[in-house]
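Some notes on the structure that comes next.
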Amino acid sequence: MSDQIEETIRKFALQNAIFFKGKANPKAVVGKVLGGCPELRSKAGEITPLINSIVEEVNAMGLEAQTKALEEMDSSLLVKEKKERKYELPELKNVDGKVVMRIAPGPSGPLHIGHTRVSILNDEYVKRYGGDLVLRFEDTNPEKIDPDAYDMIPEDLDWLGVKCNRTYIQSDRFPLYYDYTRKLLEQGHAYVCTCDGDHWRHLKEQGEACPCHDLPVETQLERYDKFLAGDYGDGEAVVVVKTDLRHPNPAVRDFVALRLVRHPHPRTGDKYIAYPMMNLSVAIDDHEMGMTHVIRGKDHLNNTNRQEYIFDYFGWKKPEYFHYGLVNIPDTVLKTSVIKQAIKDGEYTGWDDVRTGTVRALERRGIRPEAIRRYWVEAGMKSVDIQFSWDGLYSMNRDIIDPVSDRYFFVADPVRYDIDGIDVIEGKAPLHPDHPERGDRVYRLENPRTVFISADDSRMFAESGKVRLKDLCNIDYGLPAKYAGDDVSILRKGFKAVQWVGADAKDATLLMPDGTVQKGLVEKALESEKGDTVQLERVGFARIEKKDASGVSMVFAHR
């Protein structure tokens with residue numbers, strides 16, 4: 001290869017490293033070189049190993065040295081063309097004065113990543129327009145309530161930066177729902193049905209009324225009093241809101257408003273047996289609480305159509321409804337019943353188990369609420385379904401934590417090497433390549449000149465015969481190993497730079513997203529770290545969970 005080609009590769013490697021926090025990506029450099037020099041495409045297989053070795057050498061330099069080197073070679077490459085996109089949610093329709101919006105979780109457990117979408121979108125709009133954000137616990141299914149959720153959900157919202165002005169609990173409001181149901185019966189817009197449920201649904205699908213549909217109002221009210229008094233058994237009667245039995249969508253035709261449930265409620269015990277269905281309670285509450293705008297998934301389109309009947313019957317002004325597309329969140333456990341059972345069985349450690357997608361698990365891993373907010377704002381309010389991207393969220397989180405995360409070495413499954421051939425070995429590495437003012441990790445090895453490298457790197461060391469201890473020196477394989485100078489150019493000859501720690505290293509564990517734990521050693525300098533997130537070089541970002549005399553416990557965030 002000519003010197004000119006090598007210089008071109010070095011330029012692009014330095015540029016890529018500078019633009020990406022001191023770490024060039026070999027694949028990106030290959031693309032840049034072949035894109036800028038089309039004549040080299042036929043030699044791609046030949047130059048790729050050279051590019052890889054030059055990238056290794058460049059990445060070992062440190063950001064300050066990289067910048068100085070590129071400035072001397074071609075300072076024009078230091079200028080990065082910025083293509084900033086501004087993401088903003090669409091305007092709300094028909095805003096007249098302050099807006100009132102709501103977050104309405106069912107208290108079956110803490111929030112998970114899916115819940116954060118509607119929470120953040122509502123919060124963004126209320127902050128933009130001014131008004132109230134209501135937290136409403138929709139706890140009208142007593143069998144699916146976790147009493148701790150009444151406290152956990154507000155804690156999760158607070159961590160997300162979502163501020164609610166008012167809080168309501170639907171189980172406190174049953175008498176209100178009963179009063180409005182009685183009015184619907186008096187108006188002839190509802191009926192108490194004692195038909196077999198399957199037969200009632202069959203008739204509805206055929207667009208036909210059941211025998212209870214048109215009974216006199218007096219009969220309906222007598223049945224309603226018996227219903228509230230508990231004279232019917234579970235499943236023997238329901239209260240139904242009338243709609244249009246010829247509606248083109250069978251799902252919108254007559255819908256159940258109240259059912260009988262004798263399972264005790266965690267808050268109210270056996271006080272009530274008549275439980276409102278969500279379309280009744282939500283319509284009433286949205287009116288009573290003054291909702292001006294409602295954001296919900298398009299899976300609620302049928303519910304919106306049902307609830308609009310109640311608004312029309314009472315002559316209420318309807319909120320502006322917006323239905324966004326559904327989101328598929330892959331590769332994570334979200335269902336609260338599954339998580340709860342796994343906790344009970346001892347499989348999960350708690351609601352913050354890193355194998356789940358709960359907000360608490362994300363917080364534990366070092367995912368910042370600002371990253372989650374940015375993700376959903378950029379995803380927007382599209383009506384099309386979307387696929388959630390964990391890599392996208394991690395990229396946004398990286399932008400936030402990278403500038404504040406100091407760098408350290410972590411060695412998993414450590415193997416010890418003593419070094420002969422020199423009395424003292426000295427070196428240093430910046431705590432953060434972009435912030436020299438933070439200082440360096442300073443290394444001095446003497447009596448013992450001992451290092452630990454990972455078991456994987458140890459096997460590679462035995463095969464290659466030489467490695468570079470990053471930011472320290474080169475060593476030749478042996479027991480003990482031999483000091484081999486400090487020339488970084490060995491990286492261009494195919495030898496690797498490896499992470500290492502000295503004899504003063506601290507025991508450490510790294511909890512991975514799949515629940516496994518990597519045991520190893522971490523630099524002693526991490527003991528003095530004041531931040532809660534760090535970058536373990538060539539491993540990834542991690543959150544420090546505990547530091548004490550026994551060692552350091554960390555939780556892996558992402559690369």
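Not measured: the values here are computed from a predicted model. Counting begins at 1 with the first residue of the sequence.
Using a 4.0 Å cut-off between a side-chain N of Lys or Arg and a carboxylate O of Asp or Glu, Asp148 and Lys340 do not qualify as a salt bridge. A salt bridge links Asp402 with Arg407: the closest approach of a Lys/Arg side-chain nitrogen to an acidic carboxylate oxygen falls below 4.0 angstrom. Between Glu91 and Arg128 a salt bridge is recorded (basic side-chain N to carboxylate O distance below 4.0 Å). A salt bridge does not link Asp254 with Lys204: none of the charged nitrogens is closer than 4.0 Å to a carboxylate oxygen. Salt bridge annotation for Lys144-Asp139: absent, with no cationic side-chain nitrogen under 4.0 angstrom from a carboxylate oxygen. A salt bridge does not link Asp286 with Lys318: none of the charged nitrogens is closer than 4.0 Å to a carboxylate oxygen.
Counting heavy atoms from C-beta on, the side chains of Tyr129 and Met101 never come closer than 4.5 Å. The closest side-chain heavy-atom distance from Phe20 to Asn25 is not below 4.5 Å. By the 4.5 Å heavy-atom criterion applied to side chains, Ser281 and Glu138 are not counted as neighbours. Under the 4.5 Å side-chain criterion, counting only non-hydrogen atoms from C-beta, His189 is not in contact with Val241. In this structure, Tyr394 and Arg365 have side chains that are in contact, with non-hydrogen atoms separated by less than 4.5 Å. The side-chain heavy atoms of Ile145 and Tyr150, taken from C-beta on, include a pair separated by under 4.5 Å. Residues Val252 and Asp244 fail the side-chain proximity criterion, which asks for heavy atoms closer than 4.5 Å. Under the 4.5 Å side-chain criterion, counting only non-hydrogen atoms from C-beta, Val239 is in contact with Val192.
For residues 317-371, no residue pair satisfies the ring pair (Phe, Tyr, Trp, His ring centres under 6.0 Å) rule, not counting sequence neighbours.
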**OP:** Show the numbers, then the answer: is there a side-chain hydrogen bond (donor to acceptor under 3.5 Å, both in side chains) between Ser171 and Thr268?
**Re:** CA-CA 7 Å; Ser171 56; Thr268 59; 5.6 Å; no
**OP:** In sequence, state the C-alpha distance, the side-chain angles, and the governing distance for Asp285 and Arg102, and then conclude on salt bridge (Lys or Arg N to Asp or Glu O under 4.0 Å).
**Re:** CA-CA 10 Å; Asp285 282 346; Arg102 43 90 161 168; over 6 Å; no
**OP:** Begin from the C-alpha positions of Tyr191 and Trp200 and carry the test ring-ring contact (aromatic ring centres under 6.0 Å, His included) through to its verdict.
**Re:** CA-CA 13 Å; Tyr191 58 99; Trp200 174 77; 7.4 Å; no
Subject >> side-chain contact (heavy atoms from CB on, under 4.5 Å) evaluation trace for Phe541 with Asn397 >> reply: CA-CA 10 Å; Phe541 291 94; Asn397 197 62; over 6 Å; no
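Heavy-atom minimum distance, Gln66 versus Gly22: NE2-O, 3.1 Å. Of all non-hydrogen atoms in Arg364 and Val555, the two that sit nearest each other are O-CB, 3.8 Å. For Pro154 against Leu135, the heavy-atom pair with the smallest separation is CG-CD2, 4.1 Å.
With no hydrogens or angles considered, a side-chain donor-acceptor pair links His300 and Asn303 at under 3.5 Å. A side-chain N or O of Asp345 and one of Gln341 form a donor-acceptor pair less than 3.5 Å apart. Counted by atom type alone, Asn249 and Asn305 present zero donor-acceptor pairs between their side chains at under 3.5 Å.
Put simply, the side chain of Asn328 never gets that close to the backbone of Gln387: no donor and acceptor are under 3.5 Å apart. Side chain of Tyr232 to backbone of Val238: no donor-acceptor contact under 3.5 angstrom is found. Side chain of Asp385 to main chain of Gly325: no donor-acceptor pair is present (N/O by atom type, distance under 3.5 Å, no hydrogens or angles). A donor-acceptor contact shorter than 3.5 Å links the side chain of His115 to the backbone of His112. The main-chain N or O of Ile310 is never found under 3.5 Å from a side-chain atom of Asn279 such that the two would form a donor-acceptor pair. Remark: side-chain polar atoms of Asp132 are not paired, donor with acceptor, to backbone N or O of Val134 under 3.5 angstrom. In this structure, the side chain of Thr292 engages the main chain of Val100 through a donor-acceptor pair within 3.5 Å. Arg253 places a side-chain N or O within 3.5 Å of a backbone atom of Glu205 that can act as its donor or acceptor partner. Using a distance-only test at 3.5 Å, with no hydrogens or angles considered, a donor-acceptor pair links the side chain of Arg559 to the main chain of Val539. Of the possible donor and acceptor atoms, one in the side chain of Gln220 sits under 3.5 Å from a partner among the backbone N and O of Cys212.
The aromatic ring centres of Tyr375 and Trp390 sit 6.0 Å or more apart. For Phe255 and Tyr309, the ring centers sit 6.0 Å or farther from each other.
Separating the CD atom in Glu370 from the CG atom in Leu160 is a distance of 10.5 Å, to the nearest 0.5 Å. Rounded to the nearest 0.5 Å, atoms NE2 (His247) and CG (Leu245) are 11.5 Å apart.
Paired with Asp406 under the rule side-chain hydrogen bond (donor to acceptor under 3.5 Å, both in side chains), one option of Arg438, Lys530, Gln535, His432 passes, and it is Arg438.
Applying the salt bridge (Lys or Arg N to Asp or Glu O under 4.0 Å) test to Arg182 and every residue at least two apart in sequence or in another chain returns Asp225. For Lys127, the salt bridge (Lys or Arg N to Asp or Glu O under 4.0 Å) partners at least two apart in sequence or on another chain are Asp123.
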